[in-house]
Every structure is written in structure tokens, then in C-alpha cells.
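Below is one structure, written out as C-alpha cells; comments come after it.
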There are 2 protein chains.
Amino acid sequence: MSRRDDVLKTALELLDEVGIDDLTVRRLADRLGVQPGALYRHFPSKRALLDAMVKQIVSTASADPPPGGDWADHLRAMASSARDAMLAYRDGARLLATFHDPGPAAVAAFHRIVGLLHAAGVPSGTALVAVDTVFSYVNGFTIEEQARRNEVPLDRRNQDFQAGLGLIIAGIRAQLT
Amino acid sequence: MSRRDDVLKTALELLDEVGIDDLTVRRLADRLGVQPGALYRHFPSKRALLDAMVKQIVSTASADPPPGGDWADHLRAMASSARDAMLAYRDGARLLATFHDPGPAAVAAFHRIVGLLHAAGVPSGTALVAVDTVFSYVNGFTIEEQARRNEVPLDRRNQDFQAGLGLIIAGIRAQLT
DNA sequence: ACCTGAACACCGTTCAAGT
DNA sequence: ACCTGAACACCGTTCAAGT
């Protein structure tokens, strides 16, 4: 574990404790027992640190499809996995939303699920819209649930999330030839 | 026009020019030709100013349903109107996402459209999920399109937005009794 | 009623210098 | 390689004092 990884790990812990608005270079330095300027030996800027945090969070969203599932199962698994990754840290969804530039793994996963829908009978244009729509929904839903922290119990939020997802999947199913 | 309204109007102009990350009390004071502390005569905090900006933006989202339209037309009109309100200012969606204490007008509009779906044959639980899903989608979509500024032409974004919305509406339609 | 002047406790960032 | 010390240009906020 390099010092850089140590800084990154501590930054994620701090994010989870204080939220993104109070995630400060100086606070992070304090927690590491170091002067603020010392962090710039490991990351060229705060933005670069945030990017590394995003990359770390995104990497936890496993893209493994459930074996034997149909396209709807894959779509549900992918959406749930994305949401879970964001929920793992306080303000995770907001952090990812400000970030632009999906990594090659995310792009690959995106195209794979689009191909799956196409193979299942959805016109490829519609398949693209469908996957985009699901991700807009996941991001919007998760940002909102994290904004209202603990206001609604997790069980209920999970239920609502699946219900909305089911609605979109029903809409996709209606486009099947 | 009170001085408070003048400050609010200038704040919205500044937001549109520099974005929410560079919207600063000091910059705003500078533009108003005033010392930073003077703004606290009109708003108790920056957060209160942002809240007022949100309220102003939300108020432009007209809740008038199109005359003679069915529930799908109403839902489309409401979703488009919400998106248009956010698009009116740079980072509008992000600004609304961080706060979004829905005013009584928004709550009323929400319940009205839920009632419409219910009257059209959607079970009331499903109607609630449907409207929530549409708003999660609208927020997620608009945050993303504003994050990638000008990368995609507006015509294309409008098309994509309507396509995704159509998918969700098709899903709702599939739940009609 | 509205603003100034001046302070306070913060912020991200840079860089010569130390080990 | 990693960090200190010290500075720089910024933040939001407060408040006595002016008009």
C-alpha cells in the first residue's frame, strides 16, 4: 500500500464521515497528521483527488451479469450495483454526478447491456435510449435519497427503487418486437 | 423591486455566467458594487440566498396542464417544464438537487398528477411510484446534460429526453387496468 | 434602511527548505 | 521520497460604525 493509496483511503473515510461539502484538503491533512501542502506530493490538485475517489467508487460496481438471467435481470443487476456503489459513501451520488468521463470499463459495460437488449429484440436505437434512461433514473434517485439522509428507511428506499426500475423495464418490454 | 429582489436577480445572472462553483458572496457583492458583508442585510446566509434562487427557479416551472390532454400529456408537460426551469440557468439542476425542499405548490402539483394517473386506471401506489420515477429521471437526465455543457446539441438532447420519457410512460401504460 | 471597514476563521495551492 | 514552514489569494460571516 503506497502512501498515495493511504491518502486516498483516508479521503474516502473522511468523505463518509463529514460529507462532500466538508471534505477539505486541510481536514484531510490534519487526519493524516501532516501539513496541507504535503498532499500535493501525491495528487496535483483537490480535483485530481476527487477523481481518484470517483474511480475507486466506480470500480466497486461489479459488472458481472447474473448467470442465466435475461436482459431484464442484467439491467436490474447493473442498476442496483451502480446504486450500491454510490450508497457506499456519504454523498457518493453527488460526487459521481460532478464527475465526467466514464472509464473504459463503464463504457464496455454500457455497450454490453445495449447489445443484450438488441439481441432480445429491442431496436438498437431504442436499446441505447433504454440504458441511458435507466442510468439517468439511478443517478436521479440516488442523489435524491442521499440528499434526504435517513429520512426514509433503507428497506423502503430499496423497494421504491426497484418499483421505479420495474416501471422502466416494463416500458422497454413494451418495445420488444 | 426591493433591494433584496435586486440582489436575487443579480445572483441568478451571476450563476448563469460563472456556474455554481464560482458563485461567491464576494463576487456577487463586487458585481453589486458593495462590500461582501452588506449582503447579509438581505439574506441571513449564502444558503438562504441559494434557497431563494431555487424558489425563484422552481416558480417558473408552470404547473398548468395542457387543456384537453390525457394523463400522459400532463406527465410529459410537467416533466418538460421541470427540465426547462433547470436548463434556464447554468448548473440549475445541480442547484435544485442539493436543496429541493419542495414548496407547497410543488407538492400540490405532485398530488394532482398522481390523482390523474389514478383516475386513468393506475393503482394509487403505482401512480405514486410512477410520478417519483419520472422526477428521478428528469433530475438525473438534466444534471448529466448540464455537466457535459454543449457537448451535445440541444435538439438531440431534447429528442433523447423525450425518448426516455416515452419509455417510462409506456411502462406506466402497461400497468393500466 | 442600507452600507463601510475591518476583522475572524477558514479555504486551495505553491515552494524553498529540510530529512 | 516525503514533509515542514510560511506565504498567497481567496472564502463566508460578524459587527460596530457611519449615512
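Throughout, protein chains are lettered first and strands after them, A, B, ... in sequence-line order, and every chain is numbered starting at 1. What you see is a predicted model, and the numbers here were worked out from it, not measured in a lab.
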**OP:** Taking Watson-Crick and G-U wobble pairs with both distances under 3.5 Å, convert DNA chain C into its dot-bracket string, 5' to 3', dots for unpaired and | for cross-strand pairs.
**Re:** ||.|||||...|||||.||
Original post:
Counting only side-chain N and O atoms of Tyr40(A), is one of them less than 4.0 Å from OP1 or OP2 of dT14(C)?
Top reply: no
**OP:** Let me know the distance between CE of Met1(B) and C1' of dA1(C), rounded to the nearest Å.
**Re:** 17 Å
Original post:
Quick one: is dG5(C) close enough that its OP1 or OP2 comes under 4.0 Å of any side-chain N or O from Gln35(B)?
Top reply: yes
Subject >> Atom-to-atom span, CZ of Phe43(A) to P of dT13(C) - whole angstrom >> reply: 13 Å
Subject >> Pairing of Asp51(A) and Lys55(A) as salt bridge, 4.0 angstrom limit >> reply: no
**OP:** Please list, chain by chain and in numerical order, all residues satisfying ring-ring contact (aromatic ring centres under 6.0 Å, His included) with Phe141(B), sequence neighbours excluded.
**Re:** Tyr137(B), Phe161(B)
Original post:
So do Leu75(B) and Ile172(B) actually touch side chain to side chain, heavy atoms under 4.5 Å?
Top reply: yes
Original post:
Rounded to whole angstroms, how far apart are CG on Asp22(A) and C1' on dC11(D)?
Top reply: 14 Å
Original post:
Is any NZ, NE, NH1 or NH2 atom of the basic residue among Asp6(B) and Arg3(B) found under 4.0 Å from an Asp or Glu carboxylate oxygen of the other?
Top reply: yes
Original post:
How close or far is atom P of dA9(D) from atom CG of Asp30(B), stated in whole angstroms?
Top reply: 16 Å
**OP:** Report the distance from atom CD1 of Ile20(A) to atom P of dC11(C), rounded to the nearest whole Å.
**Re:** 15 Å
Original post:
Over how many whole Å does the gap from Asp6(B) atom CG to dA1(C) atom C1' extend?
Top reply: 15 Å
**OP:** Tell me which of Ala38(B) and Pro36(A) sits closer to the 5' end of DNA chain C, going by the nucleotide each one is nearest to.
**Re:** Ala38(B)
Subject >> Per Arg41(A) side chain, nearest of listed nucleotides dT13(C), dC3(D), dC11(D) >> reply: dC3(D)
**OP:** Please check the phosphate of dC3(D) (OP1 and OP2 only) for any side-chain N or O of Arg3(A) closer than 4.0 Å.
**Re:** yes
Original post:
Where the side chain of Arg26(A) is defined as all heavy atoms beyond and including C-beta, which of dC3(C), dA7(D), dT13(D) is the nearest nucleotide?
Top reply: dA7(D)
Original post:
How do Ser45(B) and Gly33(A) order along DNA chain D: which one's closest nucleotide is nearer the 5' end?
Top reply: Gly33(A)
Original post:
Hey, is the main chain of Ala93(A) close enough, under 3.5 Å, to the side chain of Gln146(A) for a donor-acceptor pair?
Top reply: yes
Original post:
Under 3.5 Å, side chain of Asn139(B) to main-chain N/O of Phe135(B), donor-acceptor pair present?
Top reply: yes
**OP:** Please check if the side chain of Asp73(B) supplies one atom and the backbone of Asp70(B) the other of a donor-acceptor pair under 3.5 Å.
**Re:** yes
Subject >> Phosphate OP1/OP2 of dA1(C) contacted by His42(B) side-chain N/O (<4.0 Å) >> reply: no
**OP:** Check the distance between dG5(D)'s P and Leu39(A)'s CG and give it to me in whole angstrom.
**Re:** 15 Å
Original post:
Taking CG from Leu49(B) and P from dC11(D), how many angstroms apart are they, rounded to a whole number?
Top reply: 15 Å
**OP:** Return no unless some side-chain N or O of Thr24(A) is found under 4.0 Å from OP1 or OP2 of dG12(C).
**Re:** yes
